[in-house]
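Written out below as structure tokens is the structure these notes cover.
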Amino acid sequence: MDPYLKDNDDEDSEEAEDMTINPMDAVIVCARSDQDDVSHLEVWIYEESEDGVPNMYVHHDIIISADPLCTAWLDCPLKGGEKGNFIAVGSMEPSIEIWDLDIIDEVQPCVVLGGIAEKKEKGKKEKGKKTSTKYKKDSHKGPVLGLAWNKEYRNILASASADKRVKIWDVAAGKCNITMEHHTDKVQAVAWNYHAPQVLLSGSFDRSVIMKDGRIPAHSGYKWSVAADVESLAWDPHTEHSFVVSLEDGTVKGFDVRVAKSDAASESKPSFTLHAHDKAVCTVSYNPSAPNLLATGSEDKMVKLWDLSNNQPSCVASINPKAGAVFSISFAEDSPFLLAIGGSKGKMEVWDTLSDAAVSRKFGNCSKQKMPQSSS
């Protein structure tokens with residue numbers, strides 16, 4: 001056999017092996033913009049190796065039309081079948097793009113929610129030229145800052161926008177079902193309750209968090225006032241009643257909805273206030289396997305792990321992942337002690353939190369014995 005042909009065959013088989021996603025691999029989706037103002041979705045593979053050193057590489061990437069600000073994975077079968085593998089992307093544009101992650105050379109989103117219908121320039125060419133923007137029906141009219149997929153009602157996606165609105169979309173029908181205008185400034189984050197999937201939290205630059213219950217749409221909702229702009233929020237997956245909100249002033253507050261008061265004049269006090277970081281806490285993530293384990297990421301470039309037991313938070317571990325200002329963190333559901341980290345340097349890091357002795361000692365018994373099947 002010609003040795004050159006053999007080499008080519010070996011290269012082809014290696015390439016085919018790299019493109020095969022195995023059941024044991026963890027899949028992580030990273031959204032970023034590079035220095036050339038090109039925005040991408042990168043699908044990373046994280047695989048364990050026999051020598052204990054994990055291997056991580058980009059399986060494929062997708063070029064998207066605008067700087068990404070938020071993402072939400074969803075398995076709603078938009079193309080038929082029982083489940084799909086899609087990601088919704090919010091950006092500086094008023095539209096939400098939904099991409100099929102199973103298609104490697106995808107060039108168009110499979111669904112676009114809202115967006116700009118047309119732009120027209122008005123006025124004289126020399127001075128005072130203005131642009132008139134016409135939006136698609138029920139579209140947001142500003143950047144989309146937050147997204148949340150409903151795991152129970154799998155066709156439902158919530159969005160938060162700089163236009164001060166929260167919208168509920170039916171992604172299968174490609175239309176907006178509900179528009180809510182209960183905030184007075186940019187809405188930064190939305191989150192569905194894991195145990196009561198009709199209940200939605202939203203957090204805003206108006207320094208409030210509001211909880212709405214779809215089962216009682218006429219109800220004005222419950223409101224919590226906070227001392228700074230809301231950066232992110234998350235429901236505790238281990239209990240129906242608790243959530244945390246992270247703020248621009250570096251604090252994280254925990255709340256129990258059972259003590260919520262519908263009277264806006266009377267404020268419900270937080271279960272705890274944690275001075276977590278020196279700068280804005282941009283992102284939080286509850287561990288899906290270990291109760292009371294919360295990760296926080298900040299503009300101070302640090303990622304910290306907290307034990308929230310008895311509403312008395314204590315820091316268990318912290319690292320500087322060398323990602324720059326930390327904008328996004330997420331524990332993997334199928335490999336719950338892997339924490340994906342994204343920051344201002346534009347590269348993704350993964351922290352195996354169980355490699356920290358204090359984390360392993362305190363939470364190691366919550367570790368699942370099986371290897372991951374997939375996570376996004």
Side-chain angles (χ1 to χ4, degrees), residues 25-48 53-62 64 66-73 87 89-92 145-147 188-189 231-234 244 246-252 274-288 293-306 315-333 335-356 358-359 372 375-376:
D25 294 341
V27 181
I28 307 166
V29 182
C30 172
R32 69 178 185 89
S33 296
D34 60 28
Q35 294 176 338
D36 299 323
D37 291 328
V38 179
S39 298
H40 304 260
L41 292 174
E42 294 177 338
V43 180
W44 287 74
I45 302 298
Y46 179 99
E47 58 185 14
E48 301 288 351
V53 178
N55 181 34
M56 194 167 72
Y57 60 92
V58 177
H59 182 268
H60 66 280
D61 71 339
I62 298 166
I64 54 178
D67 291 346
L69 299 175
C70 56
T71 61
W73 182 82
I87 194 160
V89 183
S91 70
M92 294 298 292
L145 307 178
L147 291 168
Q188 178 75 5
E231 293 286 340
S232 67
L233 44 77
V244 293
S246 72
L247 304 177
E248 189 268 339
D249 65 1
T251 63
V252 175
L274 169 62
H275 298 279
H277 291 271
D278 296 329
K279 293 184 178 180
V281 184
C282 302
T283 175
V284 297
S285 181
Y286 275 102
N287 187 287
L293 178 55
L294 179 77
T296 59
S298 169
E299 285 184 4
D300 68 7
K301 304 181 181 180
M302 298 298 292
V303 174
K304 298 182 182 182
L305 301 180
W306 304 89
C315 187
V316 180
S318 65
I319 62 163
N320 182 337
K322 311 298 184 187
V326 178
F327 296 147
S328 179
I329 57 176
S330 181
F331 280 112
E333 288 197 16
S335 190
F337 287 90
L338 289 182
L339 185 71
I341 302 165
S344 59
K345 288 189 176 179
K347 60 178 184 176
M348 190 189 65
E349 305 289 343
V350 174
W351 180 16
D352 180 358
T353 60
L354 274 184
S355 65
D356 182 275
V359 176
S375 62
S376 299

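Because the structure is predicted, anything quoted here is derived from the model rather than measured.
Between Leu233 and Val244, the closest side-chain pair of non-hydrogen atoms is not below 4.5 Å. By the 4.5 Å heavy-atom criterion applied to side chains, Phe331 and Pro336 are not counted as neighbours. Looking only at side-chain heavy atoms (C-beta outward), His40 and Asp34 come within less than 4.5 Å of each other. In this structure, the side chains of Thr283 and Phe327 stay at 4.5 Å or more apart for every pair of heavy atoms. Between Val350 and Met56, the closest side-chain pair of non-hydrogen atoms falls below 4.5 Å. Side chains of Thr71 and Leu147 form no contact here, defined as non-hydrogen atoms less than 4.5 Å apart. The shortest side-chain heavy-atom distance between Trp306 and Val252 does not fall under the 4.5 Å cut-off. Considering only heavy atoms from C-beta on, Ile28 comes within 4.5 Å of Tyr46 through its side chain.
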**Request:** Take Glu299 and Lys301 through the test salt bridge (charged side-chain N to carboxylate O under 4.0 Å, His left out) and record every step on the way to the result.
**Result:** CA-CA 5 Å; Glu299 285 184 4; Lys301 304 181 181 180; over 6 Å; no
**Request:** Apply the test side-chain contact (heavy atoms from CB on, under 4.5 Å) to residues Val326 and Ile341: give CA-CA distance (whole Å), side-chain angles for both, the deciding distance (0.1 Å), then the verdict.
**Result:** CA-CA 7 Å; Val326 178; Ile341 302 165; 4.0 Å; yes
**Request:** Evaluate the side-chain contact (heavy atoms from CB on, under 4.5 Å) criterion for residues Leu305 and Leu293: first the C-alpha distance (whole Å), next the side-chain angles of each, then the deciding distance (0.1 Å), finally the verdict.
**Result:** CA-CA 7 Å; Leu305 301 180; Leu293 178 55; 4.1 Å; yes
**Message:** Could you walk me through whether Asp67 and Ser91 satisfy the side-chain contact (heavy atoms from CB on, under 4.5 Å) test, starting with their C-alpha distance in whole Å, then the side-chain angles of each, then the deciding distance to 0.1 Å, before giving a yes or no?
**Reply:** CA-CA 5 Å; Asp67 291 346; Ser91 70; 5.8 Å; no
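To the nearest 0.5 Å, the span separating CH2 on Trp351 from CD1 on Ile319 amounts to 4.5 Å. Separating the OG1 atom in Thr251 from the NE2 atom in His277 is a distance of 10.5 Å, to the nearest 0.5 Å. Rounded to the nearest 0.5 angstrom, Arg32 CZ and Ser344 OG are separated by 13.0 Å. Atom OH of Tyr286 and atom OG of Ser330 lie 14.5 Å apart (nearest 0.5 Å). How far CG of Leu294 is from NZ of Lys304: 12.5 Å, rounded to the nearest 0.5 Å. Note that CG of Leu339 and OG1 of Thr353 are 6.5 Å apart. Values are rounded to the nearest 0.5 Å.
The minimum heavy-atom distance linking Lys347 with Ala323 is given by the pair O-CB, 4.4 Å. Between Ala358 and Asp356 the shortest heavy-atom distance is N-OD1, 3.0 Å. Listed here is the closest heavy atom pair of Pro321 and Glu349: O-CG, 3.5 Å.
For Pro68, the side chain to side chain contact (heavy atoms under 4.5 Å, CB included) test picks out Ala31, Ser33, Ser39, Ile64, Val89, with sequence neighbours left out. By the side chain to side chain contact (heavy atoms under 4.5 Å, CB included) test, Glu231 pairs with Gln188, Ser246, Glu248, Ala280, Cys282, sequence neighbours left out.
Within the structure, side-chain hydrogen bond (donor to acceptor under 3.5 Å, both in side chains) contacts touching residues 319-329 (residues at least two apart or in different chains) do not occur.
Under a 3.5 Å cut-off, the side chain of Asp25 and the backbone N or O of Ile45 do not form any donor-acceptor pair. The backbone N or O of Ala332 sits nowhere less than 3.5 Å from a side-chain atom of Ser335 that would complete a donor-acceptor pair.
Counting non-hydrogen atoms of other residues, nucleotides and ligands closer than 6.0 Å to CG of Asp352 gives a total above 12.
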